[in-house]
Amino acid sequence: GFTAYRLANEFAIVLDEPVCEQGDKEELVEEFDRYCYANGLKAIYYRVDENSLVHFSSLRKQKITIGQEAVLELERFTLEGKDRKSLRNGLNAIQKKGFTTAVLKAPQQLETLDELKAISDEWLKEFDKKEMVFSQGMFNAETLVEQDIIVLKNDSDKIVAFLNIIPDYAKDECTYDMIRKSLGAPGGSMDALIVEMISNAKAQNYSYLNMGMVPMTGLETTDSPAEKIMKFGSTRLGNFK
């Protein structure tokens with residue numbers, strides 16, 4: 001197995017859990033802790049599944065809930081009903097303006113990748129973003145060429161927003177990585193991409209769509225002062241999230 005981590009001052013921040021057989025996790029956790037101790041580091045595990053906390057019990061580490069995964073049950077999703085009215089209105093407004101969604105199957109054309117790169121660069125610059133790399137995906141043309149891409153096009157057939165579908169090794173589940181748009185993309189463009197992915201996933205008989213971690217959710221009950229502070233901040237201070 002292996003442990004993927006980055007250094008930040010005196011901390012070794014591990015992404016998720018050790019990658020190995022289930023029965024070997026505790027051994028790898030303890031071995032990495034010994035490695036960190038010998039090198040003057042403290043190990044922190046970022047985004048550990050709640051069911052996996054048992055593997056860390058021998059180290060008596062503290063845990064802080066930082067969010068939950070949003071997993072959508074595809075068969076239960078619908079655009080009908082009062083709760084979906086604003087979503088329907090947004091999608092209808094996009095269609096009336098001549099925007100359409102499409103699924104571009106791999107391999108991707110070089111011209112398409114150039115369009116996506118321009119959108120990605122604009123998104124990073126104009127929306128004051130940066131590539132997180134450690135816990136998020138980043139634009140990489142060599143990877144994208146082999147992936148299916150869902151795009152939103154304007155009435156001139158120009159791509160204004162996209163998301164890329166990536167492998168998901170959970171049973172009956174699919175997921176995506178980057179979801180980015182240009183300044184010319186209409187409001188609700190991200191919703192249009194997600195709805196198209198839901199439709200595409202249903203057609204391929206998937207049961208779930210994993211939309212990634214939603215920060216500051218799951219704090220209904222708090223087990224520590226740190227979680228109490230996070231709950232207070234997320235509910236009372238808009239910028240805290």
Side-chain angles (χ1 to χ4, degrees), residues 47 49-50 65-105 116 119-120 122-123 126-127 129 136-137 147-221 230-231 233-241:
R47 290 199 326 197
D49 187 279
E50 185 177 22
T65 300
I66 60 173
Q68 290 180 320
E69 274 190 319
V71 180
L72 176 68
E73 193 172 347
L74 295 173
E75 284 302 317
R76 296 182 62 181
F77 178 81
T78 176
L79 289 173
E80 305 298 324
K82 186 168 61 175
D83 293 343
R84 295 286 187 268
K85 183 177 179 180
S86 61
L87 179 57
R88 289 196 306 272
N89 290 341
L91 295 175
N92 289 335
I94 288 175
Q95 290 177 350
K96 288 179 181 178
K97 293 176 182 177
F99 291 90
T100 56
T101 54
V103 180
L104 307 182
K105 294 292 185 179
L116 301 183
I119 293 170
S120 179
E122 186 173 294
W123 183 81
E126 300 299 333
F127 295 96
K129 304 284 187 180
Q136 307 289 333
Q147 295 176 343
D148 291 345
I149 311 287
I150 297 179
V151 297
L152 180 69
K153 296 182 177 182
N154 62 17
D155 54 5
S156 300
D157 208 37
K158 179 180 175 60
I159 299 174
V160 297
F162 74 93
L163 68 77
N164 60 313
I165 302 174
I166 60 174
D168 186 334
Y169 301 101
K171 182 177 174 57
D172 300 327
E173 185 179 276
C174 61
T175 190
Y176 59 92
D177 184 16
M178 296 179 295
I179 179 166
R180 299 182 176 183
K181 64 178 183 177
S182 67
L183 284 175
S189 57
M190 302 299 202
D191 292 336
L193 293 174
I194 296 295
V195 169
E196 179 62 35
M197 179 157 185
I198 291 171
S199 176
N200 182 62
K202 284 184 175 181
Q204 297 186 59
N205 296 318
Y206 284 106
S207 299
Y208 306 98
L209 170 61
N210 191 318
M211 302 177 71
M213 190 187 74
V214 182
M216 306 300 166
T217 56
L219 290 169
E220 286 77 14
T221 57
M230 291 173 67
K231 180 180 180 180
S234 64
T235 55
R236 303 294 181 85
L237 307 173
N239 290 333
F240 185 79
K241 288 188 179 182

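Since the structure is predicted, the reported quantities are computational estimates derived from the model, not experimental observations.
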Practice item. Tell me, please, which residues at least two apart from S182 pass side chain to side chain donor-acceptor pair (under 3.5 Å). Key: none

**Study point:** Residues that D148 engages under salt bridge (Lys or Arg N to Asp or Glu O under 4.0 Å), provided they are two or more places apart
**Key:** K105

Review point. Taking only residues at least two apart or on different chains, which pairs with a member in residues 66-78 satisfy side chain to side chain donor-acceptor pair (under 3.5 Å)?
Key: E69-N210

**Study point:** Test side chain to side chain donor-acceptor pair (under 3.5 Å) applied to E126 - qualifying residues, sequence neighbours left out
**Key:** none

**Study point:** Counterpart residues, side chain to side chain donor-acceptor pair (under 3.5 Å), relative to Q95 (two or more places apart)
**Key:** none

Could you tabulate the donor-acceptor pairs under 3.5 Å formed by side-chain atoms of residues 200-208, not counting sequence neighbours?
from: K202; atom 1: NZ; to: L74; atom 2: O; distance (Å): 3.3
from: K202; atom 1: NZ; to: F77; atom 2: O; distance (Å): 3.2

Review point. How many angstroms lie between CG in D177 and CD1 in I166, if you round to the nearest 0.5 Å?
Key: 4.5 Å

Exercise for review: Sorted by first residue and then second, give each salt bridge (charged side-chain N to carboxylate O under 4.0 Å, His left out) pair with at least one member in residues 179-189; sequence neighbours left out.
Suggested key: E131-R180

Point to revise | Side-chain touch T100/N154, heavy atoms, less than 4.5 angstrom | key: no

Check your understanding: With sequence neighbours excluded, what pairs up with S189 under the side chain to side chain donor-acceptor pair (under 3.5 Å) test?
Key -> none

Check your understanding: Looking at residues at least two apart in the chain, or sitting in another chain, which of them share a salt bridge (Lys or Arg N to Asp or Glu O under 4.0 Å) with D83?
Key -> none

Exercise for review: Hey, could you give me the CG/CG distance between N164 and L116, rounded to the nearest 0.5 Å?
Suggested key: 9.0 Å

Check your understanding: How would you list all residue pairs meeting salt bridge (charged side-chain N to carboxylate O under 4.0 Å, His left out) that involve residues 149-161, not counting sequence neighbours?
Key -> K153-D157

Review point. With R47, which residues qualify under salt bridge (Lys or Arg N to Asp or Glu O under 4.0 Å), at least two apart?
Key: D16

Study note, to complete from the structure: With sequence neighbours left out, the residues meeting side chain to side chain contact (heavy atoms under 4.5 Å, CB included) with A93 are none

